[in-house]
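None of these values were measured; they are calculated from a predicted model.
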Amino acid sequence: MGDAGEIRLQITDDAGTRGEEADLDTSPPTAAAPPPISARLRWWALVLVNIVFVLAGQSVATLLGRIYYDQGGGSLWMATLVQSCGTPIAIPLLLYFGRRRPRSTRVARPPLAKMAAIYAGLGILLAGDNLMYSYALLYLPLSTYSLVCATQLSFSAVFSHFINKDRFTALILNSVVLLTFSAALVGVNSGSDGTNSTVPPGKFAAGFVLTLSASAVFSLILSLNQLTFDKVLKSDTFYDVLEMQFWSNTAAAVVSVAGLFISGEWSTLGGEMHGYKKGAVSYGMTLAWTAISWQLTTMGMMGLVAAVSSLFSNVISTVGMPLSPVIAVIFLGDKMDGVKVLAMLIGLWGFASYIYQHYLDDAKIKKILAERSADDDEHDHTVKLTTH
């Protein structure tokens, strides 16, 4: 919903510029038409591709993460590392889009030291967040974990309001309250965590708190990403999105590798691989596809942050909430009782509240553009009559 404010600002600036040009130039002004349909379609295509990356990548990654633990994996730092070590996937795209960028569209880059500090800070935050998610997924069934993760939308709404200056409307407040209630239902009903997965007993409270904390930090990271695009890079091209993803995830991977060696878990990986229930090949494939899935998810979320807003990106991530519990019931035998179903329905209601607010904002934008175009047409007609 930050885009509504940006478009309103753009319309205002354009109007002021046209007014100044009218004072200096007696030729009839050119009407500012709404964005071409082809450009709008390309924008929607980009958004839809990113949405698919987020939903598919997130569902597959969380399922594989749970399978890793169930089949004998136990390295928390390895589970953390695979969430950010898929960055080499972005290298060919970085090279390709870096060469295709027209020089006329390249803005002045911030100082290297400044960008390095930003990427390092985001990477450290991301590594810590990934570690909390690793603990949370170990301590909770996938269905419970996914429902609690939906609270990240509530945190995102708050961070987007204070950091990115997005509006906090009644519908968004309704969404925050409903998602909070949804998480509370799951939290107070620890008996609903029945599963066939190898979940350590007595860890429900710790898993619940860690999932909430990880959701809050992740929402903060998305808002900081949007702030970097808006205030530091002052650009949100696909190349900028890839660059942000690559360097912040690379920094997170470096921190995770350091944690893997400092904790001593690296020495147990050989035994873990040979003791994996499905075999060493399955062990390697599970980790590889988990890394790829998380990287596609990150790429999609960063793309949505740049194209729309951090809040919208979190909303799309929350759409995966009803997918993961269903997948967990089918593939992992998780228990889906009445409390979880009710929590899911409340969460979907909260999600719908935000989507409706986005619909209202989009309708308002279209109305502003239509009125602007109509005013310009009327102004052109008046100028023509006057000149004749």
Side-chain angles (χ1 to χ4, degrees), residues 50 53-71 73-91 119-140 142 145-146 148-149 152 207 210-222 224-225 241-242 244-263 265-266 269 272 283-305 313-314 316-318 320 324 327:
N50 285 320
F53 280 175
V54 171
L55 296 182
Q58 181 176 260
S59 299
V60 172
T62 52
L63 177 62
L64 290 175
R66 184 64 258 175
I67 289 174
Y68 167 74
Y69 289 132
D70 291 345
Q71 296 300 316
S75 172
L76 288 164
W77 277 108
M78 176 56 72
T80 301
L81 176 61
V82 295
Q83 296 180 55
S84 57
C85 70
T87 51
I89 296 175
I91 293 178
Y119 290 142
L122 289 173
I124 292 171
L125 272 178
L126 187 59
D129 188 56
N130 290 342
L131 182 61
M132 286 191 287
Y133 274 128
S134 297
Y135 272 103
L137 191 56
L138 173 64
Y139 291 162
L140 294 177
L142 179 56
Y145 165 86
S146 301
V148 180
C149 279
Q152 69 187 39
L210 283 168
T211 308
L212 281 179
S213 302
S215 298
V217 174
F218 183 70
S219 299
L220 174 61
I221 291 172
L222 287 181
L224 292 175
N225 284 333
V241 171
L242 286 173
M244 172 80 77
Q245 174 202 0
F246 178 81
W247 289 114
S248 60
N249 276 266
T250 298
V254 170
V255 173
S256 300
V257 169
L260 185 66
F261 280 90
I262 293 173
S263 66
E265 286 188 359
W266 66 273
L269 294 181
E272 181 178 286
Y283 176 83
M285 293 298 291
T286 299
L287 293 178
W289 281 110
T290 303
I292 292 171
S293 299
W294 275 125
Q295 203 59 209
L296 291 177
T297 303
T298 304
M299 187 182 299
M301 296 198 73
M302 294 290 288
L304 291 176
V305 168
S313 180
N314 235 330
I316 297 304
S317 177
T318 307
S324 294
I327 291 173

Legend entry - For the student: nearest non-hydrogen atoms of L242 and M299, plus distance: CD2-CE, 4.2 Å

Legend entry - Polar side-chain atom of Y119 near backbone of F246 as donor-acceptor pair, under 3.5 Å: no

Inset, instruction - Could you walk me through whether V82 and W289 pass the side chain to side chain contact (heavy atoms under 4.5 Å, CB included) test, one step at a time? - result: CA-CA 9 Å; V82 295; W289 281 110; over 6 Å; no

Inset, instruction - Using atom types as modelled and distance alone, determine if a side-chain donor or acceptor of E272 lies under 3.5 Å from a backbone N or O of G74. - result: yes

Legend entry - Atom pair CG/OG1 of L63 and T290 - distance to nearest 0.5 Å: 9.0 Å

Legend entry - Over all atoms of both residues, closest heavy-atom pair of S263 and W77: OG-CD1, 3.3 Å

Inset, instruction - Using the test ring-ring contact (aromatic ring centres under 6.0 Å, His included), find all partners of W266 that sit at least two apart in sequence or belong to another chain. - result: F261

Legend entry - Side chain to side chain, W294 and T62, heavy atoms closer than 4.5 Å: yes

Legend entry - Donor-acceptor pair, side chain of Y68 and main chain of S75, under 3.5 angstrom: yes

Legend entry - L76 side, atom CG; E265 side, atom CD - distance, nearest 0.5 Å: 5.5 Å

Legend entry - Closest heavy-atom pair and its distance - G300, V54: C-CG2, 3.5 Å

Legend entry - Close side-chain approach of L126 to L122, heavy-atom, < 4.5 Å: no

Legend entry - Heavy-atom closest pair, residues V217 and D129: CB-OD1, 3.5 Å

Inset, instruction - State whether the side chain of T211 and the backbone N or O of Y145 hold a donor-acceptor pair below 3.5 Å, judged by distance alone. - result: no

Legend entry - Side-chain (Q295) to main-chain (G57) donor-acceptor, under 3.5 angstrom: no

Legend entry - Over all atoms of both residues, closest heavy-atom pair of T80 and S134: OG1-OG, 3.0 Å

Legend entry - Test item: S59 side-chain N/O and A56 main-chain N/O as donor-acceptor pair under 3.5 Å: no

Legend entry - Counterpart residues, ring-ring contact (aromatic ring centres under 6.0 Å, His included), relative to Y283 (two or more places apart): Y276

Legend entry - Distance-only polar pair, side chains of Q83 and S256, donor-acceptor under 3.5 Å: no

Inset, instruction - To the nearest 0.5 Å, tell me how far S248 OG sits from N225 CG. - result: 6.0 Å

Inset, instruction - Could you tell me whether the side chain of N249 and the main chain of Q245 form a donor-acceptor pair under 3.5 Å? - result: yes

Legend entry - Q152 side, atom CD; L212 side, atom CG - distance, nearest 0.5 Å: 11.0 Å

Legend entry - Non-hydrogen side-chain atoms of Y133 and C149 separated by less than 4.5 Å: yes

Inset, instruction - Would you name the heavy atoms of M78 and L260 that are closest together and state the gap between them? - result: N-CD1, 4.0 Å

Inset, instruction - Answer whether the closest heavy-atom distance between the side chains of N130 and F218 falls below 4.5 Å. - result: no

Legend entry - Reference residue I292; test side chain to side chain contact (heavy atoms under 4.5 Å, CB included); the match among L64, V60, I89: I89

